[in-house]
2 protein chains.
Amino acid sequence: MARYEQIASDLRDAIVRGGYPIGAQLPSEAELALRYSAARGTVRQAVALLAAEGLVGSRQGARRIVLGSERSQSFAELHSFAQWARSMGYRASGTVLSSQRRPCSPSEAVRLSLEPGEEVLDVLRLRRLDGEPVLVERTVYAGWIAPAVERLDPGCESVTQELYESVGLVFAYGEHLIDAVAAGSEDARLLGVRRGSPLLRQRRVTTTQEGRPVESSDDRYRAGSVTFSIRNSTAANPLVRRAGD
Amino acid sequence: MARYEQIASDLRDAIVRGGYPIGAQLPSEAELALRYSAARGTVRQAVALLAAEGLVGSRQGARRIVLGSERSQSFAELHSFAQWARSMGYRASGTVLSSQRRPCSPSEAVRLSLEPGEEVLDVLRLRRLDGEPVLVERTVYAGWIAPAVERLDPGCESVTQELYESVGLVFAYGEHLIDAVAAGSEDARLLGVRRGSPLLRQRRVTTTQEGRPVESSDDRYRAGSVTFSIRNSTAANPLVRRAGD
DNA sequence: AGCTCTGGCTTGTTTGTACAAGTTCGCCTA
DNA sequence: TAGGCGAACTTGTACAAACAAGCCAGAGCT
């Protein structure tokens, strides 16, 4: 673990534990540098990490301010339903309802950087939190990873983790589109809600470290079961609003 | 404009214009430093900016990779419906349907850091894109900014911009919670949809540069009109999934 | 042909220095 | 008392240097 990560982690703990309540000022960079016997540049990297997490804000000339005190989750917990559920103290389970190979559609070819007509693996999964059905996941895997996915146990908890352990596949980047849709008849049946009732939809494309697309997924959460949360600032602005399709 | 921002802007333009297509390698830091006659540290600040925007990814030892080529919008465009609409080429309009002072509820007192029972301003607005009703906005303003809000023109396009010009108020930080809800009868009537149909809800709290909360808002978008978009990576992870209320 | 290994390239981390720019607060003055 | 001024403090930007760690392609070997 790098020195600046240690310092960031130490400060984050202090904030989460209430040592620096919301609205309080953080010590100056010079003071932190002295306290941790590090150069000012190293301390700046540490607080930049906290700023990216939305925990602290800063303005030139003034002390840094604590903006929030909730620990933000890791990348893995955003991409893996099971890992997220575990970290929240829920028991996650899942079932593969169908799984079949087929040639990819033109739009999928673009999203996954495939040749038109190349084979993909189409998987439908139902996910549960503490036994309650919460999420319908329709995932399209690129052909080159399909064999490894097909080898997975149908009741497998964490696909992400299994793929890492079996073939060393690491998800590294993701793009996510979030909107609301009405439940179709299949969604309604699986989630146990009425047709037309609101669902939170997350469409995502995930790629490896090399930027190679692995999967494209359409996840639909039962309303009330999940909320997405973001902190942004004039400096860091990850969330973007787009016009509907 | 800082040197590293110039470099970032230059590289971003090149990426957006297709000079570096998705999947391509960026020049090495040393080469960029030479090209721009800047120190390597300065170049690193520039590419860190692009990485935060999700445009490029990096791994130690390998060249940086272009991951996306869409320009992400500014903070203002996320917080201000009007400024976002304008940048997307839409014509935005809005109407204040009601506006009244009342004592704040206990939960609002916490969210806006107010004394229990302190006065707040409650505003209901309907927003349109090219004439079409798209968004119902229920905003609660802290008492100290209420007079300035009440002085605004009821048909005012951009509240954010007007507040900046009239009292110099700058929104600097925001927290956003995104989920899906069914349209209530008021929502349905205003947006011209059926009761119970899906809406995309964005609840947000916005604060000033000093970390002082200004407004708390519940915005509901008609399904299909707006999508939120995010890019994340193992390094930068702004988006968080949370359990429902 | 296929494999390993190594050397050079590239990004990651840390330190040190210097100056610019903005904030804060006390002091002085009108 | 109210306002203006300035000094001290704090964050932002930029440069330079050095080493660590990981990647990659080409040389050489089997």
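Values in this document were obtained by computation on a predicted structure and should not be read as measured data. Lettering follows sequence order; numbering is per chain, from 1.
- Remark: B:Y164 OH to B:F171 CZ distance equals 13.0 Å, nearest 0.5 Å.
- A salt bridge links A:R101 with A:E150; the closest basic N to acidic carboxylate O contact falls under 4.0 Å.
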Can you list, pair by pair, the side-chain donor-acceptor contacts under 3.5 Å of residues 38-54 of chain B, counting residues two or more places apart and other chains?
unit_1 : atom_1 : unit_2 : atom_2 : d
B:R40  : NE     : B:E29  : OE1    : 2.5
B:R40  : NH2    : B:E29  : OE1    : 3.1
B:R44  : NH1    : B:E29  : OE2    : 2.9
B:E53  : OE1    : B:R12  : NH1    : 2.8
B:E53  : OE2    : B:R12  : NH1    : 2.3

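- Taking only side-chain nitrogens and oxygens, A:S58 comes nearer than 4.0 Å to OP1 or OP2 of D:dG12.
- Rounded to a whole Å, the CG atom of B:L26 is 16 Å from the C1' atom of C:dC9.
- Contact check, B:R63 against D:dA25: no side-chain N or O comes under 4.0 Å of OP1 or OP2.
- Computed from coordinates, the A:L34 CG to D:dC9 P distance equals 14 Å when rounded to whole Å.
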* To do: Can you check each nucleotide of nucleotides 13-24 of chain D against protein heavy atoms at under 4.0 Å and return B for base, S for sugar-phosphate only, - for none, in 5' to 3' order?
  => BSB--B--BBSS
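- Taking CG of A:L163 as the start and SG of A:C156 as the end, the distance is 7.5 Å to the nearest 0.5 Å.
- Between A:E215 and the choices A:T207, A:T206, A:T139, A:T160, the side chain to side chain donor-acceptor pair (under 3.5 Å) rule is met once, by A:T206.
- Between B:R203 and B:D218 there is no salt bridge, since none of the side-chain N atoms of the basic residue sits less than 4.0 Å from a carboxylate O of the acidic one.
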